[in-house]
Amino acid sequence: MKLTLEKAREITDRRNAAMLACDGEAFLDLWAADCVVEGPEHYLEGKQQLAAAMQAGWAAMKPIEMLTRSLAVEGDAMYYEFAVVWESRSTGQRLLFTGMTYHQVDAQGLLVLCREYFDPPGKPRRTAAESPELAPLLGAGR
(Lines give C-alpha, C1' and ligand atoms only; values in the text may rest on other atoms or scores of the structure.)
Protein backbone atom coordinates (compact mmCIF):
# COMPACT_ATOMS: atom_id res chain seq x y z
CA MET A 1 0.00 0.00 0.00
CA LYS A 2 1.27 3.45 -0.86
CA LEU A 3 0.87 5.58 2.23
CA THR A 4 -0.32 9.15 2.17
CA LEU A 5 0.69 11.69 4.78
CA GLU A 6 -2.97 11.83 5.85
CA LYS A 7 -3.10 8.04 6.41
CA ALA A 8 0.23 8.12 8.29
CA ARG A 9 -1.13 10.86 10.58
CA GLU A 10 -4.25 8.77 11.19
CA ILE A 11 -2.12 5.74 12.15
CA THR A 12 0.16 7.72 14.47
CA ASP A 13 -2.81 9.51 16.08
CA ARG A 14 -4.56 6.18 16.70
CA ARG A 15 -1.32 4.64 18.00
CA ASN A 16 -0.71 7.56 20.38
CA ALA A 17 -4.30 7.52 21.65
CA ALA A 18 -4.17 3.77 22.29
CA MET A 19 -0.83 4.11 24.07
CA LEU A 20 -2.02 6.94 26.32
CA ALA A 21 -5.16 4.98 27.20
CA CYS A 22 -3.12 1.77 27.74
CA ASP A 23 -5.71 0.20 25.41
CA GLY A 24 -4.17 -3.05 24.21
CA GLU A 25 -7.03 -3.92 21.87
CA ALA A 26 -6.98 -0.56 20.07
CA PHE A 27 -3.18 -0.68 19.89
CA LEU A 28 -3.07 -4.21 18.45
CA ASP A 29 -5.79 -3.38 15.89
CA LEU A 30 -3.13 -1.32 14.08
CA TRP A 31 -0.78 -4.30 13.60
CA ALA A 32 -0.58 -7.23 11.17
CA ALA A 33 -0.59 -10.71 12.75
CA ASP A 34 2.98 -11.37 11.51
CA CYS A 35 4.42 -8.00 12.57
CA VAL A 36 8.02 -7.53 13.66
CA VAL A 37 9.11 -4.85 16.14
CA GLU A 38 12.82 -4.12 16.59
CA GLY A 39 14.37 -1.75 19.07
CA PRO A 40 17.59 -1.13 20.94
CA GLU A 41 16.71 -3.72 23.58
CA HIS A 42 13.95 -5.82 22.02
CA TYR A 43 12.96 -7.95 19.03
CA LEU A 44 9.34 -9.05 18.88
CA GLU A 45 7.68 -11.31 16.33
CA GLY A 46 3.91 -11.40 15.98
CA LYS A 47 1.03 -9.77 17.78
CA GLN A 48 1.22 -12.16 20.77
CA GLN A 49 4.77 -11.11 21.63
CA LEU A 50 3.89 -7.47 20.99
CA ALA A 51 0.83 -7.72 23.25
CA ALA A 52 2.85 -9.33 26.07
CA ALA A 53 5.55 -6.67 25.81
CA MET A 54 3.03 -3.83 25.83
CA GLN A 55 1.16 -5.22 28.84
CA ALA A 56 4.43 -5.68 30.75
CA GLY A 57 5.50 -2.14 29.86
CA TRP A 58 2.18 -0.62 30.88
CA ALA A 59 2.24 -2.57 34.17
CA ALA A 60 5.50 -0.83 35.08
CA MET A 61 5.16 2.54 33.36
CA LYS A 62 2.22 4.71 32.38
CA PRO A 63 2.53 6.94 29.31
CA ILE A 64 1.66 10.50 30.34
CA GLU A 65 2.23 12.44 27.14
CA MET A 66 3.10 11.57 23.55
CA LEU A 67 4.17 13.89 20.81
CA THR A 68 4.82 13.19 17.15
CA ARG A 69 7.47 15.82 16.43
CA SER A 70 7.85 15.17 12.69
CA LEU A 71 6.39 12.75 10.16
CA ALA A 72 7.43 11.73 6.65
CA VAL A 73 6.12 9.17 4.16
CA GLU A 74 7.78 7.28 1.33
CA GLY A 75 5.97 4.47 -0.50
CA ASP A 76 4.67 1.99 2.07
CA ALA A 77 6.78 3.43 4.90
CA MET A 78 6.52 6.26 7.39
CA TYR A 79 9.19 7.80 9.54
CA TYR A 80 8.47 9.85 12.60
CA GLU A 81 10.29 11.50 15.43
CA PHE A 82 8.63 11.18 18.80
CA ALA A 83 8.78 12.23 22.43
CA VAL A 84 7.08 10.21 25.19
CA VAL A 85 6.87 10.98 28.89
CA TRP A 86 6.50 7.83 30.99
CA GLU A 87 5.66 7.71 34.69
CA SER A 88 6.82 4.86 36.91
CA ARG A 89 3.82 3.22 38.54
CA SER A 90 5.90 2.32 41.61
CA THR A 91 7.84 5.54 42.22
CA GLY A 92 6.00 8.24 40.27
CA GLN A 93 9.28 9.26 38.60
CA ARG A 94 8.83 10.68 35.11
CA LEU A 95 11.17 9.82 32.26
CA LEU A 96 11.44 11.38 28.81
CA PHE A 97 12.12 9.14 25.81
CA THR A 98 12.87 10.73 22.45
CA GLY A 99 13.64 8.94 19.23
CA MET A 100 12.74 7.97 15.71
CA THR A 101 10.55 5.17 14.37
CA TYR A 102 10.33 3.55 10.95
CA HIS A 103 7.04 1.79 10.19
CA GLN A 104 6.14 -0.24 7.12
CA VAL A 105 2.52 -1.09 6.30
CA ASP A 106 1.12 -4.07 4.42
CA ALA A 107 -1.47 -4.02 1.61
CA GLN A 108 -4.29 -3.60 4.17
CA GLY A 109 -2.62 -0.60 5.81
CA LEU A 110 -1.61 -2.54 8.95
CA LEU A 111 1.76 -2.05 10.59
CA VAL A 112 3.98 -4.97 9.62
CA LEU A 113 7.46 -3.74 10.53
CA CYS A 114 8.66 -1.29 13.15
CA ARG A 115 12.20 -0.20 13.90
CA GLU A 116 12.64 2.12 16.86
CA TYR A 117 15.69 4.16 17.72
CA PHE A 118 15.60 6.17 20.93
CA ASP A 119 17.76 8.04 23.38
CA PRO A 120 17.97 6.63 26.89
CA PRO A 121 16.00 8.50 29.54
CA GLY A 122 17.94 10.99 31.60
CA LYS A 123 20.39 11.74 28.80
CA PRO A 124 21.30 15.42 28.94
CA ARG A 125 19.92 17.32 25.99
CA ARG A 126 21.31 20.58 24.67
CA THR A 127 20.25 22.91 21.95
CA ALA A 128 22.45 23.03 18.86
CA ALA A 129 23.76 26.44 19.96
CA GLU A 130 24.90 24.93 23.29
CA SER A 131 26.70 22.01 21.63
CA PRO A 132 30.38 22.90 20.98
CA GLU A 133 30.73 20.15 18.39
CA LEU A 134 27.97 21.80 16.33
CA ALA A 135 29.22 25.39 16.66
CA PRO A 136 31.27 25.23 13.41
CA LEU A 137 28.18 24.10 11.51
CA LEU A 138 26.22 27.04 12.89
CA GLY A 139 28.83 29.59 11.85
CA ALA A 140 29.81 30.49 15.43
CA GLY A 141 32.88 32.67 15.62
CA ARG A 142 32.65 33.87 12.01
Side-chain angles (χ1 to χ4, degrees), residues 1-140:
M1 162 185 225
K2 184 173 175 8
L3 271 178
T4 63
L5 191 54
E6 182 179 314
K7 178 65 174 173
R9 279 192 186 111
E10 176 193 326
I11 291 170
T12 56
D13 288 349
R14 288 177 56 204
R15 179 184 185 271
N16 291 355
M19 287 283 291
L20 287 171
C22 298
D23 184 342
E25 186 175 330
F27 183 78
L28 291 173
D29 282 348
L30 296 168
W31 296 85
D34 61 346
C35 64
V36 172
V37 179
E38 300 177 47
E41 298 176 5
H42 57 274
Y43 183 87
L44 308 169
E45 291 183 284
K47 280 175 110 170
Q48 286 185 321
Q49 286 186 7
L50 179 57
M54 293 308 301
Q55 291 303 325
W58 287 332
M61 304 286 282
K62 177 182 179 182
I64 300 298
E65 191 168 334
M66 296 188 72
L67 173 66
T68 299
R69 298 167 78 180
S70 61
L71 180 64
V73 173
E74 183 178 332
D76 65 353
M78 64 180 173
Y79 308 80
Y80 65 93
E81 184 182 13
F82 64 86
V84 182
V85 176
W86 291 90
E87 182 177 272
S88 169
R89 293 191 187 271
S90 62
T91 68
Q93 179 184 13
R94 290 192 174 183
L95 301 171
L96 172 65
F97 281 77
T98 59
M100 182 70 98
T101 298
Y102 164 87
H103 274 133
Q104 186 176 17
V105 298
D106 65 11
Q108 289 74 44
L110 297 173
L111 300 171
V112 69
L113 175 63
C114 172
R115 289 194 183 108
E116 298 178 307
Y117 308 89
F118 50 84
D119 297 322
K123 179 180 178 183
R125 289 167 175 76
R126 299 177 290 178
T127 66
E130 297 168 325
S131 302
E133 66 276 15
L134 298 179
L137 300 176
L138 299 172

Problem set entry | Member of Tyr79, Trp31, Phe82 meeting the ring pair (Phe, Tyr, Trp, His ring centres under 6.0 Å) criterion with His103 | Trp31
For this session: Determine the sole option in Asn16, Thr101, Asp13 for which the side chain to side chain donor-acceptor pair (under 3.5 Å) test with Thr68 is passed.
Result: Asn16
For this session: Step through the shown structure and confirm whether more than 12 heavy atoms of other residues, nucleotides or ligands are within 6.0 Å of NZ on Lys62.
Result: no
Exercise. Nearest heavy-atom pair of Gly109 and Ile11: which atoms, and what distance?
Worked result: O-CD1, 4.0 Å
For this session: Evaluate the side-chain proximity of Leu96 to Val85: yes if any heavy-atom separation is below 4.5 Å, no if none is.
Result: yes
For this session: Search all heavy atoms of Asp76 against all heavy atoms of Gln104 and return the closest pair with its distance.
Result: OD2-NE2, 3.0 Å
Exercise. Which heavy-atom pair separates Tyr43 from Gln49 by the least distance, and what is that distance?
Worked result: O-OE1, 4.0 Å
Exercise. Once you round to the nearest 0.5 Å, how far does CE of Met78 lie from OH of Tyr102?
Worked result: 10.5 Å
For this session: Decide yes or no for Pro63 and Trp58: does some side-chain heavy atom of the first lie under 4.5 Å from some side-chain heavy atom of the second?
Result: yes
For this session: State, to 0.1 Å, how close Val105 and Val112 come at their nearest heavy-atom pair, and which atoms those are.
Result: C-CG1, 4.0 Å
Problem set entry | Distance, nearest 0.5 Å, that separates CE of Met66 from CH2 of Trp86 | 7.0 Å
Exercise. Looking at CG of Leu111 and CG of Asp29, how far apart are the two atoms once the value is rounded to the nearest 0.5 Å?
Worked result: 11.0 Å
Exercise. Just wondering, do Met19 and Met54 contact through their side chains at under 4.5 Å, heavy atoms?
Worked result: yes
For this session: State, with a plain yes or no, whether a side-chain heavy atom of Thr4 is found less than 4.5 Å away from one of Val73.
Result: no
Exercise. Which salt bridge (charged side-chain N to carboxylate O under 4.0 Å, His left out) pairs, counting each pair once, include a residue from residues 78-94, with sequence neighbours left out?
Worked result: Arg69-Glu81, Glu87-Arg94
Problem set entry | Carboxylate-amine/guanidinium proximity below 4.0 Å for Glu10 and Lys7 | yes
For this session: Hey, could you give me the CG/CG distance between Leu28 and Leu110, rounded to the nearest 0.5 Å?
Result: 11.5 Å
Problem set entry | Shortest non-hydrogen contact from Ala26 toward Asp23 | N-OD1, 3.0 Å
Exercise. Around Gln48, counting heavy atoms of other residues, nucleotides and ligands shown, do more than 12 lie under 6.0 Å from its CD?
Worked result: no
Seminar exercise, completed: Here the pair of heavy atoms bringing Asp106 nearest to Ala32 is OD2-CB, 3.6 Å
For this session: For residues Val36 and Glu38, determine if any side-chain heavy atom of one lies less than 4.5 Å from a side-chain heavy atom of the other.
Result: yes
